2 protein chains.
Amino acid sequence: MTPFRNKPLDYRSAGVDIDAADDAKNRLAKLVQSTMTAGSRGAFGGFGGMFRVPDRYRAPLLVASADGVGTKIKIAIEADRHDTIGHCLVNHCTNDILVQGAVPLYFLDYVAFGKLEPAVVEGVVAGVAAGCRENLCALIGGETAEMPGVYTPPDYDLAGFITGIVEEDQVLSSVRVEEGDVLVALASDGLHTNGYSLARRIISDRLNLGVHDLFPDADGASVADVMLKVHRSYLTCLQPLLGSIHAMAHITGGGLPGNLNRALPHTLDAVVDTSTWTIPSVFRVLAEAGQVSPMEMFRAFNMGVGMVVITARENVSALISRAAACSIDAWELGSVEKGSGEVQLRGLGA
Amino acid sequence: MTPFRNKPLDYRSAGVDIDAADDAKNRLAKLVQSTMTAGSRGAFGGFGGMFRVPDRYRAPLLVASADGVGTKIKIAIEADRHDTIGHCLVNHCTNDILVQGAVPLYFLDYVAFGKLEPAVVEGVVAGVAAGCRENLCALIGGETAEMPGVYTPPDYDLAGFITGIVEEDQVLSSVRVEEGDVLVALASDGLHTNGYSLARRIISDRLNLGVHDLFPDADGASVADVMLKVHRSYLTCLQPLLGSIHAMAHITGGGLPGNLNRALPHTLDAVVDTSTWTIPSVFRVLAEAGQVSPMEMFRAFNMGVGMVVITARENVSALISRAAACSIDAWELGSVEKGSGEVQLRGLGA
């Protein structure tokens, strides 16, 4: 059986004949093949990727999300390092559906160039495939577009689309959140995929640094090293605990105040104690160099918090232990109190 | 019930508060809401769009596809007419999964700008929503990205992702195709979404025409009118006949030779009689002005054939009648003969 049989035809635009594939195309095929899971179906051939809905769900709800990597892609382009942003994208999309209690089934990507660069496509797909393997998500399709006049080489853009699944009565959301629940933070690993337009401006205009220069206070890491860190996926760590979680917030554009509110009912506030953790160095460097106010920083960046889990008090220690076992720092960030669906950031300077 | 309750939060980037929405945001919300179907689930809120897998499938197979509109988007930008390309995109994606026998469930879009233009976003989403309504496909999510430095205003790009469903034992593919089967063509309506880089070059460099000029032999239609015609969806027309169809080919990039081969087993050829239809005027104008050979034309453009259906002889007249009832020209294009998986174009000049 060759589940991948006709995939490259779907996968990397029409006209690619996998039977006559050269080395580069074979490498691409192998990358895609490395992500196949039990539900993948490819033997039929054709245009669209196929995936069998798992049998074990009583009332399966599909959860889907579309996203890009924002201007983080500009760092990849400037550094000519293309094999991590695909991983960021898959992890970002995975977290976006995880907050509803869903686990990934499959992923598709869209990469558009001014002039198609096969080596860059391969790098991007390698990153996407790595993210798919990490999250047990089949890469069942994709599109590579060449659009002269829209993108100026070497610029390109990358978008991704994930579909996951959750039992309808196990969807996580604000309706499960109760007064007295605890907010538990899981640490981010760098900027993830948000705040890059601001960060890039500060780095180039205020710090006068190029992507290959050393980033301040970063133990010898370059700007590219720091800015291209892979967006962390919380799936593997949190999946075993989903039954004890009330709601989650993936901290992306808008930061804590712009995302945690989405996990709150209209009658409760999330009270965040900003003294419970040390803001990672990268954010302190950016704030200082850019003279950015704390509130603006918390709106633009994750500030060290990649995911917030809302759960009952009795589950907190198990959650923090589980995170430690996954090598992810976790801590009590605050609590859920009577209110009006607002996020309060306590202890934030002016 | 407000199935759309939190959708705009997901839908048009974080930080949009629908409760405080202004008129433009309300219009966007209404557009999205206009596409909701029985499977749509939004009341839970959160980050990803949700869709209930229909109960009526014994072995549901999800079929997914990602695509863009290529450089057709440049015509939309030059003509400042943004409300049709989204429709093209949904119809394109719908046809891509229809060839496997799948019907759409849901759609997500990705629109990326150098500088976000709300009126353009609204136009694009209006087109996407129109396509979703036509194909009974719920628009359950989307992402609007602002990426200064990647896109130069007024340029932007649009990608879309569709998920549909088919019973696993009813997937259409080359394995069903038999010697003696008939190729039935369904007419395209213009270029659909392929060949635009070549067409644009011919129009600007050889014909010296701008988007608002009259297109030759087009009954007073402008270049923009001709070039922005909406990519036709064949779903509504063909869905009632899916049980009698062996395989289909959606004629996109690569034309008849580059797509019809994907519907063939390795032991059979598709023999296309190019004298069975009159090539539409738009292709004749482009061929003549660009001095493009017939073979190159058939590789770059659909040449008037938007979809090829492969079916047994006894089903042909019912199929052609059904197409006529849908106001789509259809005709016997050729036949399936012993061979090696090749597409033969008979009667093509040099």
Side-chain angles (χ1 to χ4, degrees), chain A residues 6 9 13-15 41 44-53 59-68 70-71 73-74 96-97 99-100 102 106 108-110 112 140-143 145 147-152 155 157 159 161 163-164 168 171 173-175 197 250 252-254 258-259 262, chain B residues 6 9-10 13-15 41 44-53 59-68 70-71 73-74 96-97 99-100 102 106 108-110 112 140-143 145 147-152 155 157 159 161 163 168 171 173-175 197 250 252-254 258-259 262:
Chain A
N6 289 289
L9 291 173
S13 34
R41 294 288 185 280
F44 300 106
F47 294 78
M50 298 195 285
F51 198 94
R52 177 69 165 81
V53 178
L61 208 57
L62 302 173
V63 183
S65 187
D67 224 313
T71 49
I73 206 162
K74 286 294 280 187
D96 271 351
I97 64 167
V99 299
Q100 285 164 289
Y106 60 84
L108 295 94
D109 66 74
Y110 171 83
I140 65 167
E143 169 72 7
M147 299 178 64
V150 177
Y151 300 91
T152 310
D155 283 349
D157 198 12
F161 161 78
T163 286
E168 185 155 23
V171 171
S173 83
S174 59
V175 300
S197 291
H250 181 205
T252 57
N259 287 285
R262 300 163 78 179
Chain B
N6 288 289
L9 291 174
D10 319 331
S13 37
R41 294 287 185 282
F44 301 105
F47 295 77
M50 298 195 284
F51 198 93
R52 177 71 166 80
V53 177
L61 208 58
L62 302 173
V63 183
S65 187
D67 225 314
T71 49
I73 206 162
K74 287 294 280 186
D96 271 351
I97 64 168
V99 299
Q100 286 164 291
Y106 60 85
L108 295 93
D109 65 74
Y110 170 83
I140 66 166
E143 169 73 6
M147 299 179 63
V150 177
Y151 300 91
T152 310
D155 283 349
D157 198 11
F161 307 95
T163 286
E168 186 156 21
V171 171
S173 82
S174 59
V175 301
S197 292
H250 181 203
T252 58
N259 287 285
R262 300 163 79 179

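In what follows, chains are A, B, ... by sequence order, proteins preceding strands, each numbered from 1. These numbers come from a predicted model, not from an experiment.
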For [X], is it the side chain, the backbone, both or neither that has a heavy atom under 4.5 Å from a heavy atom of chain B?
X: A:S197; answer: side chain
X: A:A159; answer: both
X: A:A59; answer: both

Discussion item. Go through it in stages, so that I can follow the logic: the residues are B:I140 and A:L62, the test is side-chain contact (heavy atoms from CB on, under 4.5 Å), and I'd like the CA-CA distance, side-chain angles, deciding distance and then a yes or no.
Written reply: CA-CA 11 Å; B:I140 66 166; A:L62 302 173; over 6 Å; no
Item to complete: Could you check which of B:G70, B:A102, B:A145 has the highest count of heavy-atom pairs closer than 4.5 Å to chain A?
Response: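 That would be B:G70.
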Practice prompt. Kindly compute the distance separating CG (B:L108) from CG (A:L108), expressed to the nearest 0.5 Å.
Written response: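 Answer rounded to 0.5 Å: 11.0 Å.
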Discussion item. Rounded at 0.5 Å granularity, tell me how far CE in B:M147 sits from CG in A:D157.
Written reply: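 Separation between the atoms: 4.0 Å.
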Worksheet item: According to the interplanar angle, ranging from 0 to 90°, do the rings of B:Y106 and A:F161 count as parallel (below 30°), tilted (30 to 60°) or perpendicular (above 60°)?
Response: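 Tilted, since the angle between the ring planes falls between 30° and 60°.
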Fill in: Closest heavy-atom pair and its distance - A:G149, B:D155
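For A:G149 and B:D155, the tightest heavy-atom pair comes out as O-OD2, 3.0 Å.
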